[in-house]
Amino acid sequence: MRCCRFSLAKRGSAKNAAKLHAGIIKSSGYTVKPIIDCMKELSKAYEPREVESSWYQRWLDAGCFTADPKSAKPGYSIVIPPPNVTGVLHIGHVLNNTLQDILARRARMTGHEVLWLPGSDHAGIATQTVVERTLRKSEGKTRHDLGREAFTERVWEWKEKHGNIIFGQLRSLGCSLDWSRERFTMDEDYSRRVAEVFVDLYNKGLIYRGKRMVNWCPVSLTALSDEEVISKPQKGLLYHFKVEIVETPGTFLEIATTRPETIMGDTALAVNPADPRYKDLIGLHVRRALPRGTEAAIPIIGDEAVDFEFGTGVLKVTPAHDKVDYEIGLRHNLEIIDVLNPDGTMSSAAGEEFAGLDRFAARKLAAETLEELGTLVKAEPYENNVGFSERADVPVEPRLSEQWFLRYPQVETSRDAVRNGTIRFFPDRWEKVYDHWLENIQDWCISRQLWWGHRIPVWYRGGEMLCQVDSPGDDWTQDGDVLDTWFSSWLWPFATMDEATLKKFHPTSALVTGWDILFFWVARMIMAGYEYENVAPFRDVYFTGMIRDHKGRKMSKSLGNSPDTLELIGKYGADGLRFGLLRIAPQGADIRFDEKQIEEGRNFGNKLWNACRYRQMQGPSAARPDLDGFDLPIQCLNILGKLDALVHKIDDAYGTYRFNEICQGLYDFFWSDYCDWFVEASKPAILNADSPDRDAILKTMDVVLHTFLRLLHPYMPHITEELWETLGFEADSHGKNFLMYAAWPGSPLPASIEKQALTAAMQQTAALYESVYQARNLRAEYRIASNQKVNLVLKPSRELNDQEMATFSGLAGAKECQVNSDFLPEKGTPVVLTPLGQLFMPLTGLVDPAAERERISKEIDKTRDELEKARKKLSNSNFVDNAPPEVVAEHQQRATDFAARLEQLNKMRDALD
RNA sequence: GCGCGAUUAGCUCAGUGGUAGAGCGCUUGCUUCACACGCAAGAAGUCACUGGUUCGAACCCAGUAUCGCGCACCA
């Protein structure tokens with residue numbers, strides 16, 4: 001326990017502390033008076049490390065993150081997009097999970113019972129690949145050396161050892177996840193649910209097995225869904241070669257292809273029956289060039305799928321290795337010759353010369369062979385799109401194989417849910433993308449030829465087949481394939497919850513995820529939600545942008561441009577990282593990462609720390625600050641008015657997930673309005689123990705900090721919690737005695753304040769601050785060093801009280817500011833026109849009529865330009881007649897103000913002559 | 001081919017019809033009594049281009065250009 005609730009000081013030298021205690025040390029050159037006896041150390045800079053870890057532990061110990069399904073409070077829930085067990089925390093996770101944490105923390109403060117459910121995904125291909133690689137490296141073995149059972153055992157071991165790394169990292173980030181409910185997509189009950197869903201969909205006739213053309217990954221040796229194939233432009237060659245027509249020897253047909261290595265799989269040539277060049281050839285045959293020596297005759301067929309604009313208008317048909325060709329083959333009942341092995345090498349059907357060769361080597365050899373045979377016409381450079389396996393990053397092969405497919409359920413319901421706003425997307429432009437995908441949806445290939453994953457719950461005995469969760473008996477063997485990982489993830493929002501939890505927390509409130517998994521995950525969850533819970537699984541979906549490096553490239557391991565998030569947390573603190581990242585994260589747009597921004601986040605934390613430290617140095621704060629009964633100076637009313645506006649702005653922005661607007665609002669208010677202006681303006685009164693305003697100002701600071709810490713908490717949870725405790729604040733609580741359970745703030749304005757009085761005070765303050773700005777400007781013009789105090793004289797334009805003058809002098813860096821309506825300045829005394837009146841800076845050596853005239857002339861020119869602009873606008877009758885009256889009035893006011901200012905400035909210049 | 005987004009200060013980005021903004025960087029001054037992870041002042045913009053709508057356009061509409069993305073095609 002800390003010995004003193006009012007001390008911000010925990011880190012620093014004990015020696016200094018002792019001196020401080022005695023009130024004799026000069027820190028930064030001034031004497032610090034210890035406020036209370038037990039104050040020990042003062043740390044000028046906020047050091048996040050210890051604060052963050054200790055608070056996380058305290059929250060955990062107090063069960064702050066645990067959701068109670070029996071709570072009477074309204075429920076608010078989010079399920080984490082489960083990271084891969086292989087995953088480590090990258091910067092995208094930081095963004096994504098910080099946003100979820102913000103929503104969860106704010107919901108607690110607005111009185112909700114919050115469940116934020118953690119977990120991870122078994123990530124079939126990714127995980128299996130990683131473990132296989134390790135196995136190969138450390139033991140020189142393949143998974144086949146171990147066998148299925150031993151291998152999956154190894155994956156489990158690996159998962160236990162490395163699978164929780166990311167959870168530790170999420171803790172470092174401060175994520176308020178309910179760790180008592182951590183789930184894994186291969187937990188026993190979860191797996192059972194997956195199997196039950198499979199069986200159910202099978203029984204409904206939505207799942208079927210069939211031999212079809214699928215995307216095959218020759219590295220992972222498994223089928224892939226269409227979504228796992230990424231098309232990339234590839235530079236290659238378009239080979240033109242000719243074949244002889246059997247019936248009319250000596251005549252040839254020219255064919256264009258990018259894949260000469262599949263010629264031995266050709267079982268026809270196809271032309272468009274409407275193509276006048278070739279239609280008469282339909283029914284004839286040609287000699288197939290490869291494999292060499294066979295010279296098989298294959299038919300020329302007519303099919304409308306052939307585009308006669310492309311290439312030569314003649315298509316070689318390879319039913320075993322191309323989707324379109326396969327369909328043509330079906331229509332014409334063509335033979336299917338599979339010339340490729342699953343691993344992408346040529347099969348024996350390709351002929352002796354090619355068998356065993358890798359497909360790309362075979363392509364080269366095929367082209368060379370054609371050339372030797374004298375049938376190669378040309379090979380021209382060509383760029384086309386090739387489908388790549390998302391995981392293995394190699395071209396996929398279309399391959400005919402026996403797979404399990406799902407005809408998606410609830411497609412129309414799911415489309416309607418987003419169309420009619422039952423589910424809302426932020427930003428909403430993703431709605432169109434979603435709709436388009438569902439409109440053109442194809443059956444989903446859900447079987448994978450992997451070992452790591454949910455086994456397909458189908459059993460065989462002889463020619464019999466049964467689809468059920470449990471084995472029908474020892475003499476039955478289970479289907480060898482596993483399910484696509486997403487076939488389990490799509491159940492995530494409800495399969496992770498028991499009955500009581502479901503009742504309280506499903507459907508979930510919001511989903512935060514990247515748009516890159518809109519089809520993989522979001523759309524499918526919606527369908528599963530309707531199919532199994534009869535309801536949309538979430539209300540709102542917020543799509544984060546993709547984080548790119550400073551050159552705009554995607555973060556990737558191979559580029560090595562991904563920042564180390566733990567290192568960032570170490571350097572800037574989790575709060576700094578969170579805040580810095582969020583401040584630059586525009587809604588749904590991609591983000592260019594720049595470490596400078598994170599540094600800004602840390603700096604903001606430090607600013608907050610020091611502002612609170614400053615308050616603390618003035619004496620204890622009220623636990624529940626209240627301004628009733630205080631006569632508040634204008635700058636107090638002003639800052640309260642600004643804070644009131646901030647509270648409203650933030651509440652509004654949360655409604656549509658405008659996180660960076662909230663962030664920016666918090667930043668601007670605190671740094672500029674509170675620190676730069678309010679605190680600075682208050683210093684004269686605070687330093688003067690006799691000032692009648694001192695208490696009101698300190699109390700106003702308390703109200704501002706008491707409110708602001710709550711507003712900021714979701715973004716910077718650790719530092720705010722620390723300061724809340726250190727300043728000794730309390731608030732109405734939604735449960736536990738922590739800031740994280742404090743009631744979300746309403747308006748900070750005291751009930752007794754009238755709106756009119758507030759507006760007047762804010763206007764007066766604005767005039768005062770504007771005058772300060774003018775005064776500082778004048779100082780800078782005359783190169784007065786910042787630390788040099790000057791004497792000022794004000795010829796006031798209205799009556800001013802002592803408090804205002806003291807504030808003004810303090811902010812303007814004046815030794816003294818005399819108010820004198822009859823002041824007669826020496827000719828050439830620097831002077832500036834402020835909202836408070838004419839302000840003179842009678843400083844020896846600066847009096848120079850010529851310089852002053854020049855300076856004022858410039859000001860006059862500027863003002864005249866502005867005035868002319870305003871007048872021009874007002875002289876336009878179209879504007880005056882058509883614009884809204886308040887806009888016209890505004891311009892009239894501007895013109896009046898500029899005219900008055902111009903007149904005064906002219907007088908000031910004349911006085912110099 | 002269809003669709004989506006972006007284009008504003010040197011950089012990263014805010015800005016939903018009425019006086020062009022922030023942070024960083026830059027220049028100048030400052031260890032001024034919370035903070036140099038700081039304070040103050042300053043320079044810096046044809047809001048990609050062309051038309052249109054409007055009294056008025058960075059903003060709305062149409063088109064063009066460049067960059068990025070998705071879907072389809074991909075012999």
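The structure presented is a predicted model; accordingly, all values stated were derived computationally and were not measured. Letters A, B, ... mirror the listed sequences (proteins, then strands); counts begin at 1.
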- Query: So, is Asn777(A) near the phosphate of rG42(B), with a side-chain N or O under 4.0 Å from OP1 or OP2?
  - Reply: yes
Quiz prompt | Short N-O contact, Glu599(A) and Lys596(A), less than 4.0 angstrom | solution = yes
Regarding the side chain of Ala780(A), the nearest nucleotide among rA41(B), rG23(B), rG18(B) is rA41(B)
With rounding to whole Å, what would you report as the distance between rA44(B) and rG21(B) at their P atoms? 14 Å
Under 4.0 Å, counting only non-hydrogen atoms across every strand here, what does Glu781(A) touch: a base, just sugar-phosphate, or nothing? nothing
Reckon Asn787(A) has a side-chain N or O less than 4.0 Å from the OP1 or OP2 of rU31(B)?
-> yes
When rounded to whole Å, the CG to C1' distance for the pair Asn876(A) and rC55(B) reads 5 Å
Closest to the side chain of Arg894(A), out of rC37(B), rA34(B), rU19(B), is rU19(B)
*For Asp322(A), answer base if it contacts any base atom (sugar-phosphate contacts may also be present), sugar-phosphate if it contacts only those atoms, and nothing otherwise; contact means non-hydrogen atoms under 4.0 Å.*
sugar-phosphate
Closest non-hydrogen atoms of Ala775(A) and Leu839(A), given as atom of the first, atom of the second and distance, are CB-CD2, 3.4 Å
Mind checking if Lys432(A) touches a base, just sugar-phosphate, or nothing, with heavy atoms under 4.0 Å? sugar-phosphate
Quick test of your reading of the model: are Asp865(A) and Lys862(A) salt-bridged, counting only N-O distances below 4.0 Å? no
*Distance, P atom - from rC60(B) to rA43(B), rounded to whole angstrom*: 31 Å
Using a cut-off of 4.0 Å on non-hydrogen atoms, how would the nucleic acid contact of Lys869(A) be classed: base, sugar-phosphate, or nothing?
nothing
Base, sugar-phosphate, or nothing for Tyr773(A), non-hydrogen atoms under 4.0 angstrom? sugar-phosphate
Side-chain atoms of Phe879(A) come closest, of rA40(B), rA34(B), rG18(B), to rG18(B)
Worksheet entry | Presence of Trp671(A) side-chain N/O under 4.0 Å of rG23(B) phosphate oxygens OP1/OP2 | no
Counting just side-chain N and O atoms, does Arg592(A) come under 4.0 Å of either OP1 or OP2 of rU12(B)? yes
- Answer with base, sugar-phosphate or nothing: what part of the nucleic acid does Asp881(A) contact at a heavy-atom distance below 4.0 Å? nothing
query = How would you label the contact of Ile255(A) with the nucleic acid (heavy atoms, under 4.0 Å): base, sugar-phosphate, or nothing?
reply = nothing
Practice problem: Check whether any side-chain nitrogen or oxygen of Lys607(A) sits under 4.0 Å from OP1 or OP2 of rC35(B), and answer yes or no. | Solution: no
### Message
Using a heavy-atom cut-off of 4.0 Å across all strands, would you classify Ala883(A) as base, sugar-phosphate, or nothing?
### Response
base
